[in-house]
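Letters go in sequence order (proteins before strands), and every chain restarts at 1. These numbers come from the heavy atoms of this one structure, side chains and all, not from hydrogens, waters or symmetry mates.
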There are 2 protein chains.
Amino acid sequence: MLGPVSVYTPAEVVEETGFTLDTLRYYEKIGLLEPVERNAAGQRRFSDSDLSWLGLVRCLRDTGMPIAQMLRFAELVRAGDHTIPDRIRLLEEHDRRVQSQIANLTARQRGIHNKISYYRSVL
Amino acid sequence: MLGPVSVYTPAEVVEETGFTLDTLRYYEKIGLLEPVERNAAGQRRFSDSDLSWLGLVRCLRDTGMPIAQMLRFAELVRAGDHTIPDRIRLLEEHDRRVQSQIANLTARQRGIHNKISYYRSVL
DNA sequence: GGTTGACCTGGAGCCCGCTCCAGGTGGGAT
DNA sequence: ATCCCACCTGGAGCGGGCTCCAGGTCAACC
């Protein structure tokens with residue numbers, strides 16, 4: 001039994017992923033997205049696997065991974081299953097950076113809270 | 001009794017705040033920093049109050065506040081104590097954004113963890 | 001079969017936030 | 001007295017990540 005094999009228009013992918021159409025085209029142009037299938041008229045028809053890749057891209061972007069590093073990751077994916085350990089290492093390293101991002105954000109937020117408290121105290 | 005009134009060289013401020021000297025000059029140029037005191041030779045001598053302001057700037061920058069908004073905040077500070085309620089509002093609004101940043105980061109991190117687990121499961 | 005609107009391409013432009021440079025002055029340790 | 005290094009200014013340049021545009025093609029609905 002195969003999973004659903006669906007096809008999505010650009011507008012649907014924009015809706016689904018939150019990326020703009022310009023951004024999707026840009027990602028394809030730089031190779032962050034595999035060349036997307038086209039219909040007879042040359043319009044993009046995205047696949048489930050494009051969608052799922054874009055889901056991961058969304059996670060990595062939103063956690064601050066630079067595009068250059070996502071490209072390296074994309075190359076590992078293309079290179080085949082033997083790169084899975086490398087992919088794990090890359091993601092784990094990124095995860096550590098995300099963790100410290102959260103810690104820093106939380107610490108700085110405390111500084112902001114202090115300032116707010118101070119301002120309240122002098123009202 | 002007055003607090004310590006000290007004066008800091010550019011190098012000390014760089015050390016203390018983590019901003020580069022170029023960044024400090026840039027912040028002064030755009031008015032995010034009040035015109036800094038100078039010695040006879042025209043070199044900057046930062047005050048305690050510069051340092052403390054830079055501490056707040058560090059919190060706001062690290063939590064993603066755009067420079068334009070920090071400038072608005074700086075103007076409120078210059079305008080005097082009657083703007084304290086506005087400052088509180090501004091900081092609280094920013095705090096809410098920081099909170100949702102942390103939430104988003106945490107959610108995306110879960111997506112990354114899932115991917116790592118998946119990769120581990122297929123090894 | 002006409003109109004509207006989604007989509008296409010290549011390439012230029014933009015915004016943010018620094019960062020770097022050239023060319024020069026002054027301070028302070030030896 | 002000399003050296004070196006920190007610091008100064010104004011202005012240009014940069015890197016990242018899109019974003020916008022002109023000019024054109026197709027599709028789909030009335």
Side-chain angles (χ1 to χ4, degrees), chain A residues 7-47 50-51 53-54 56-74 94 97 101 104-105 108, chain B residues 7-47 50-51 53-54 56-74 94 97 101 104-105 108:
Chain A
V7 101
Y8 307 88
T9 64
E12 285 163 347
V13 176
V14 165
E15 162 78 16
E16 179 84 6
T17 66
F19 293 117
T20 69
L21 183 45
D22 268 325
T23 297
L24 292 170
R25 291 198 271 242
Y26 168 68
Y27 283 174
E28 186 179 355
K29 178 152 61 183
I30 65 174
L32 183 54
L33 207 49
E34 297 274 286
V36 175
E37 293 294 309
R38 305 304 179 106
N39 71 2
Q43 297 184 349
R44 287 173 181 80
R45 291 299 179 255
F46 293 84
S47 68
D50 291 326
L51 266 267
W53 172 248
L54 284 168
L56 182 55
V57 168
R58 169 58 66 203
C59 287
L60 297 176
R61 274 312 284 133
D62 277 13
T63 52
M65 183 181 286
I67 283 180
Q69 198 174 350
M70 294 199 293
L71 281 175
R72 256 177 275 135
F73 188 82
H94 181 62
R97 281 189 296 267
Q101 252 186 91
N104 184 44
L105 225 42
R108 298 306 184 188
Chain B
V7 100
Y8 306 87
T9 64
E12 286 164 347
V13 176
V14 165
E15 163 77 15
E16 179 84 6
T17 64
F19 292 118
T20 69
L21 183 46
D22 268 325
T23 297
L24 293 170
R25 291 198 271 242
Y26 169 68
Y27 283 173
E28 186 179 355
K29 177 153 61 184
I30 66 174
L32 183 53
L33 208 48
E34 296 274 286
V36 175
E37 293 294 308
R38 306 302 180 110
N39 70 4
Q43 296 185 350
R44 287 172 181 80
R45 292 300 178 254
F46 294 83
S47 69
D50 291 326
L51 266 267
W53 172 246
L54 285 169
L56 182 55
V57 168
R58 168 59 68 204
C59 287
L60 297 177
R61 273 312 284 133
D62 277 14
T63 52
M65 183 182 285
I67 283 180
Q69 198 175 348
M70 294 199 295
L71 281 175
R72 256 177 275 133
F73 188 82
H94 181 62
R97 280 189 296 267
Q101 250 185 93
N104 184 44
L105 225 43
R108 298 307 183 186

Between [X] ([atom1]) and [N] ([atom2]), how many Å, whole number?
X       : N      : atom1 : atom2 : result
B:Leu71 : C:dC16 : CG    : C1'   : 13 Å
B:Leu60 : C:dC16 : CG    : P     : 17 Å
A:Glu28 : C:dG10 : CD    : C1'   : 14 Å
B:Arg58 : C:dG17 : CZ    : C1'   : 13 Å
B:Leu24 : C:dG17 : CG    : C1'   : 14 Å

*asked:* Has B:Arg61 got a side-chain atom pairing as donor or acceptor with B:Cys59's backbone, closer than 3.5 angstrom?
replied: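 No, B:Arg61 side chain to B:Cys59 backbone: no donor-acceptor pair under 3.5 Å.
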
*Where the side chain of A:Asn104 meets the backbone of A:Gln101, is there a donor-acceptor pair that is under 3.5 Å apart?*
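No; zero donor-acceptor contacts below 3.5 Å.
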
*Under the criterion side chain to side chain contact (heavy atoms under 4.5 Å, CB included), which of B:Val36, B:Leu54, B:Asp50 is the partner of B:Val13?*
B:Leu54

*Interface residues of residues 31-38 of chain B with DNA chain C (non-hydrogen, below 4.0 angstrom)*: none

*asked:* Does the plane of the ring in A:Tyr27 sit parallel, tilted or perpendicular to the ring in A:Phe19? Use 30° and 60° as the thresholds.
replied: perpendicular

_Exceeds 12 heavy-atom contacts within 6.0 angstrom, atom CD of B:Glu37_ =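 Open: at most 12 neighbouring heavy atoms sit under 6.0 Å from CD of B:Glu37.
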
*Hey, does A:Leu105 have a side-chain heavy atom less than 4.5 Å from the side chain of B:Thr63?*
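Yes, side chains in contact.
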
*asked:* When you compare the side chain of B:Arg58 with that of B:Thr17, does any pair of heavy atoms fall below 4.5 Å?
replied: no

*Encode nucleotides 18-30 of chain D as B, S and - characters from 5' to 3', where the letter depends on protein heavy atoms closer than 4.0 Å: B to the base, S only to sugar-phosphate, - to neither.*
BBB-----SS---

*Pairs in or reaching into residues 12-22 of chain B: which pass salt bridge (charged side-chain N to carboxylate O under 4.0 Å, His left out), with residues at least two apart or in two chains?*
B:Asp22-B:Arg25

*Measure from the side chain of B:Pro66, starting at C-beta and using heavy atoms only, and say which of C:dG17, C:dC8, D:dC7 lies closest.*
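Of C:dG17, C:dC8, D:dC7, C:dG17 is nearest to the side chain of B:Pro66.
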
